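Worksheet: one structure, shown below.
Atoms within each ligand, like the ligands themselves, are counted from 1 in listed order. No experiment lies behind these values; they were computed from the predicted model shown.
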Amino acid sequence: MSLVENGAPGADALLDEVYGARPPAPRVGITGPPGAGKSTLVAEMALLLRRQGRRLGVIAVDPTSPYTGGAILGDRVRMSELSTDPGVFIRSMATRGSLGGLAARTEELCELLSAWGSDLTLIETVGVGQSELDVAQAADTTVVVLTPESGDAIQSLKAGLMEIADIFVVNKADHAGADQLAAGIRSALGLRAPAAWRPPIVKTIATERQGIEELNEAIEKHRAHLGDPGVSEGLRREKIRARLKNAVRERLLEGAWERKGLGALLDRAADQVLHGTISPYRAARDLIERMTDHGERSPN
Ligand SMILES: Nc1nc2c(ncn2[C@@H]2O[C@H](COP(=O)(O)OP(=O)(O)OP(=O)(O)O)[C@@H](O)[C@H]2O)c(=O)[nH]1
Ligand SMILES: [Mg+2]
């Protein structure tokens, strides 16, 4: 995983080799505002699946509370249960300071987890920016977790969470306002164009292990929907298309700055833009030209 995350030599060969070695594990993205209860839900989902004898991978994207030593940090006994369970593989991934686009890297880690033998991969990410959109792209099913205190459904609509949700979870249903939130989501969903899949709304109290089975059922139903060839071949092709596009973009850029000596050209272009000699757009076009130039000429 580190090799792949760092884009080390041999990483691509490794990915080629593991691809298709085992059936791909379904990928479920769990996103929502900070503190919504995503990690608690992930831990409870993990425990449920383990009881069913299934193996699972967990990817925590930029966790705000650390997942240490493979454990989902929590004072609760049942969470530390997972840290010593060889049937659970937990991996944290930073969005900053590492190579490549988030969606592509998430997909690569998912491939490795499938090869390890994951039956299901859960990807937790905080839905406050761009990262949840990337994760939604990498996931087969996206679960959006909201809570009565996370503000009204309209706000979530603005944040783009409404568009990416395949399933809504109203967590902290022990708090006042859970029914109003569910009603708000329902009416917001009613405004959307009718589609083959209507996102269900599942109420949970993660800390009391309530609603976890319903959530798991909703995820399975969505998977069945995706697996239905009549409904979804176009959809799956669309996903694969997006994944390929991503992979191509990643690989085009990978090492291009160093390989073609573009770093020096970038410095020069920056100077020219700084002094107003050329526009940044012109500079970008020139750089792209050099980047995609397959000729034998040396860059200098
Ligand atoms: N009352 C109540 N508290 C909950 C529930 N689910 C989670 N919590 C609590 O909410 C807090 C945040 O839970 P986490 O699971 O860490 O939430 P998170 O969404 O993973 O948080 P970040 O990863 O930091 O964004 C913890 O103190 C949990 O114990 C719930 O259903 N009801
Ligand atoms: Mg968390």
Review point. Between R50 and D85, is the closest basic N to carboxylate O distance under 4.0 Å?
Key: yes
Review point. Applying a strict 4.0 Å limit to heavy atoms, is E124 in contact with ligand 1?
Key: yes
With a 3.5 Å cut-off and sequence neighbours excluded, list the donor-acceptor pairs that the side chains of residues 172-181 form with protein atoms.
unit_1 : atom_1 : unit_2 : atom_2 : d
K172   : NZ     : G35    : O      : 2.9
H175   : ND1    : E149   : OE1    : 3.2
H175   : ND1    : E149   : OE2    : 3.1
D179   : OD1    : K203   : NZ     : 2.4

Exercise for review: Could you tell me which atoms of ligand 1, counted from 1 in the order shown, lie closer than 4.0 angstrom to a heavy atom of H175?
Suggested key: 1 (N)
Revision key, fill the gap. One finds that the ligand 1 atoms under 4.0 Å from a non-hydrogen atom of V126 are 25 (O)
Revision key, fill the gap. Note: D174, heavy atoms under 4.0 Å from ligand 1, region reported as side chain
Review point. Counting backbone and side-chain atoms alike, does T40 have an N/O/S atom under 2.8 Å from the Mg ion (ligand 2)?
Key: no
Review point. Where does the angle between the aromatic ring planes of W197 and H225 fall among parallel (under 30°), tilted (30 to 60°) and perpendicular (over 60°)?
Key: tilted
Within-cut-off N or O pair, [X] and ligand 1, under 3.5 Å:
{"X": "A173", "value": "no"}
{"X": "I205", "value": "no"}
{"X": "P34", "value": "no"}

For residues 268-277, run the donor-acceptor check on the side chains, cut-off 3.5 Å, and write out each pair with its distance to 0.1 Å, sequence neighbours left out.
unit_1 : atom_1 : unit_2 : atom_2 : d
H275   : ND1    : D271   : O      : 3.0
T277   : OG1    : Q272   : O      : 3.3

**Study point:** Greater than 12 external heavy atoms within 6.0 Å of E214's CD
**Key:** yes
Check your understanding: Are the side chains of L15 and V4 in touch, meaning some heavy atoms are under 4.5 Å apart?
Key -> yes
Review point. Are V28 and L48 connected, step by step, through hydrophobic side chains (Ile, Leu, Val, Met, Phe, Trp, Tyr) whose heavy atoms are closer than 4.5 Å?
Key: yes
Check your understanding: What is the name of the N/O/S atom in E124 that sits closest to the Mg ion (ligand 2)?
Key -> OE2
